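Remember, predicted model here, so these are calculated numbers, not experimental data. So that the names make sense, note that chain A is the first sequence line, chain B the second, and so on, each numbered from 1.
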Amino acid sequence: MSIIKLDHITKIEGHANLYVKIQNDKVKELRLEAVEGARYFEGFLKGRKYDEVHHIASRICGVCSQSHLLCALKAIENALGVKVSEQTTRLRKLILMGSILQSHLLHLYFLALPDYFGFESALAMTKSHKDTVLRGLKLKKLANDICTIIGGRDVHCITPIIGGFSKLPTQKALNKLLERLKESRQDVIKTAKLFISFKNPSFARKKDLVSLKSDKEYALWEGHIASIDGISVPFSEYHKHLQEQSVKYSSAKFVTLNNNSFMVGAVARISNNKDKLTKSARNIIQKNKLTFPCDSPFMNNVAQAIELMHLTDTCIALLEDLKLVTEDPVKYNVKAGTGIAALEVPRGTVYHEYELNGVGEVVRANIISPTTQNLLSIEEDVKQFLPTILKKHKQRIILDLEKLIRAYDPCISCSAHFLEVELDYV
Amino acid sequence: MKPRVAIFDMTSCDGCQTTILNLEEYLVDIANAVDIVNFRLGTEKVSPGPYDISIVEGSISRQEEVKKIKWIRENSKTVIALGACATHGGPQALSNRLNKKDIHKEIYGNIVPKLNSLDAKGIDQYIKVDHYIRGCPIDKFDFLNILKQFLIGKIPKENTNPVCVECRFNENVCQFMELGACLGPFTYGGCGAICPTNNLPCDGCRGALDDLNLEAGIRIMKKKNIGDDKIKALFRKYVPSDKRYEKFEEMLKNVNNKT
């Protein structure tokens, strides 16, 4: 019996292993195991007060911390019946988009790019691909600065609080941000060109693609749950359609949609909402003759690059006519209630639900992060992809499998409640 | 030869490593000054020890991590704890007080995976730590400063000022005097008093100072009409397992008895 083991798949966020058992050129057994220490957020959020939940929930993941912070905040505000101002919503949307830019850029330039160029890391590429690396760093700094200027910090934002903000940015800082965003457009276009130019394996597997959808805009901040196979339900009914399943080998739960595997993330969002993208992003799709909906997980990198364009231009539009007014957070009364919120975040849809008692303590918390929704789909993709590459050298197989898994941009810290690849030849 | 620096992670949110990657304008310089030989979030390269400096993010929360942290210590000249999870166990230490069986059942239902989980603790509960980079998350310039000092052969001195010092420099209104519900006076500085500067009280993520008069602090909080529950919640957020807060319940009782 011989074993191939991918222990600690690198360049993903969090820890995971893939175990594969192969017999007579056939995949006998396959398991995607999350191996990160369980942290029990839903457990210890119970008993915490309404006004500290979002800052603690932010700590679920440091790579997309703003996602959990904003989703928790929105859920608590829904529970308390707090309606925030138009300006607050606009500034929070900017933080959300800044956060998606941060995460996409980290994934594309730091985690995916070295794979395509055959380097171990982005930093190892500074000599041979200096311009590309510096471009990635510059774009990422801008994304960080959106979060820092509005949210107070680039990881785990501070200023968003129930009803509004503890501190508002200055108009001057926002103006400067707008200027830099406009300047960054050319770099974003170059990024999209670069990622479209890479050759990917031709692998595709039919699956449902799920995201939020809205009549008003490219759904990130609000919308209903929609899929290319025709699902259309309010986000508040997520629990009726998404089933969380525990498996023996993983501290992350697997999520199914009406008992099937599905994919969330940039590919799913563009597949469901491409007519709502900015003109610049739609141009990239048309000029390069890209098709969405799309069943290739490898297209997730391209989809993220297209989203960079959409997000940059949307941030520009949000900032362009923003005349900041000084306002305090809206007043509210603490009361019992249940609040649900869903947001589109870097890796897909995130759901937070909190039930509060009369003094504003959390009595029940439920959090479904995007990666848990993708785990089953990753597992099924690997099952179908592996037989097509089995004739290759062991090292090559591992590399291809890692590439496939990384394309999903899995974030195991948020799904952990735990990735390494193990190939076992029988 | 360039010093060999390894970055490891245990159980965490990866936010402190992300903060290092957010040092965009310095990353190329850092890569020129040191040989980064292990950084799961940033590179595929995994090199065997020994390492000159090992930077460890995350709490020890699994049996396997106990073995790993001991191995890291044996193979490193200097070990640095990175962020609240590594220095104190982090927010997940909040679950140390919970009944794990109940929680497992509630979160995983009838199929509970084999977790090998332990109470979340800081790495210094298992090994000797040479330096602490504090915070949830760390402050990136604090990290840069400490790394620079190690590189020129200096042993960095811990900033033992409370958060209040930087808070004053920033000319903030004192939240402790105004509201009482601020952990600035109790907490290691070095963060630039970032929370009070953003009009929110300090929530103590950098851990309790050594020479702390906790009981006096609690007394002032009580005078400001802050309830026991709120005081408990304040001290038990990002570093709930801080040793200096161990006698906290006792002190709270003392203060309540005296008043």
Is Lys67(B) atom NZ crowded by more than 12 heavy atoms from other residues, nucleotides or ligands, each under 6.0 Å away?
-> no

Contact class of Ser59(B) relative to chain A, heavy atoms under 4.5 angstrom = neither

Please determine, by modelled atom types, if Asn22(B) and Lys141(A) share a side-chain donor-acceptor pair under 3.5 angstrom.
-> no

Does the pair Val155(A) and Lys140(B) meet the rule for a side-chain contact (heavy atoms from CB on, under 4.5 Å), with working shown?
-> CA-CA 10 Å; Val155(A) 173; Lys140(B) 51 182 151 186; over 6 Å; no

Drop me the distance from Phe44(A)'s CZ to Arg97(B)'s CZ, to the nearest 0.5 angstrom.
-> 13.0 Å

Could you tell me which of Leu200(B), Thr19(B), Asp139(B), Leu27(B) has the largest number of non-hydrogen atom pairs under 4.5 Å with chain A?
-> Leu200(B)

Using a cut-off of under 4.5 Å for heavy-atom pairs, which of Asp154(A), Thr159(A), Thr126(A), Leu45(A) has the most such pairs with chain B?
-> Asp154(A)

Once you round to the nearest 0.5 Å, how far does CD of Glu25(B) lie from CG of Leu134(A)?
-> 12.0 Å

So which part of Ala233(B) gets closer than 4.5 Å to some heavy atom of chain A, the side chain, the backbone, both or neither?
-> both

Correct closest heavy-atom pair for Cys195(B) and Ile158(A) would be SG-CD1, 4.1 Å

Contacting moiety of Lys138(A), where chain B heavy atoms sit under 4.5 Å | neither

Where Ala31(B) and Leu123(A) come nearest, the two heavy atoms and their spacing | CB-CD1, 4.0 Å

Other residues, nucleotides, ligands: >12 heavy atoms within 6.0 Å of Asp102(B) CG | yes

Structural part of Cys136(B) lying under 4.5 Å from a heavy atom of chain A = both

For chain B, which of His55(A), Arg48(A), Glu52(A) has the most heavy-atom pairs under 4.5 Å?
-> Arg48(A)

Return yes when atom CD of Gln243(A) has more than 12 non-hydrogen atoms of other residues, nucleotides or ligands closer than 6.0 Å, and no otherwise.
-> yes

Look at the side chain of Asp14(B) and the backbone N and O of Val63(A), then say whether any donor-acceptor pair between them is shorter than 3.5 Å.
-> no

For Phe169(B), does the CZ atom sit with more than 12 other heavy atoms under 6.0 Å from it, leaving out its own atoms?
-> no

Minimum heavy-atom distance between Leu21(B) and Lys140(A), given as atom pair plus value | O-NZ, 3.6 Å

Quick one: which of Ser95(B), Ser117(B), Ser61(B) gives a side chain to side chain donor-acceptor pair (under 3.5 Å) with Tyr40(A)?
-> Ser117(B)

If you round to the nearest 0.5 Å, how far is CG of Leu105(A) from CD of Glu24(B)?
-> 9.5 Å

Which one of Leu98(B), Leu94(B), Asp203(B) has the most heavy-atom pairs closer than 4.5 Å to chain A?
-> Leu94(B)

State whether the number of non-hydrogen atoms from other residues, nucleotides or ligands found under 6.0 Å of Lys2(B) atom NZ is greater than 12.
-> yes

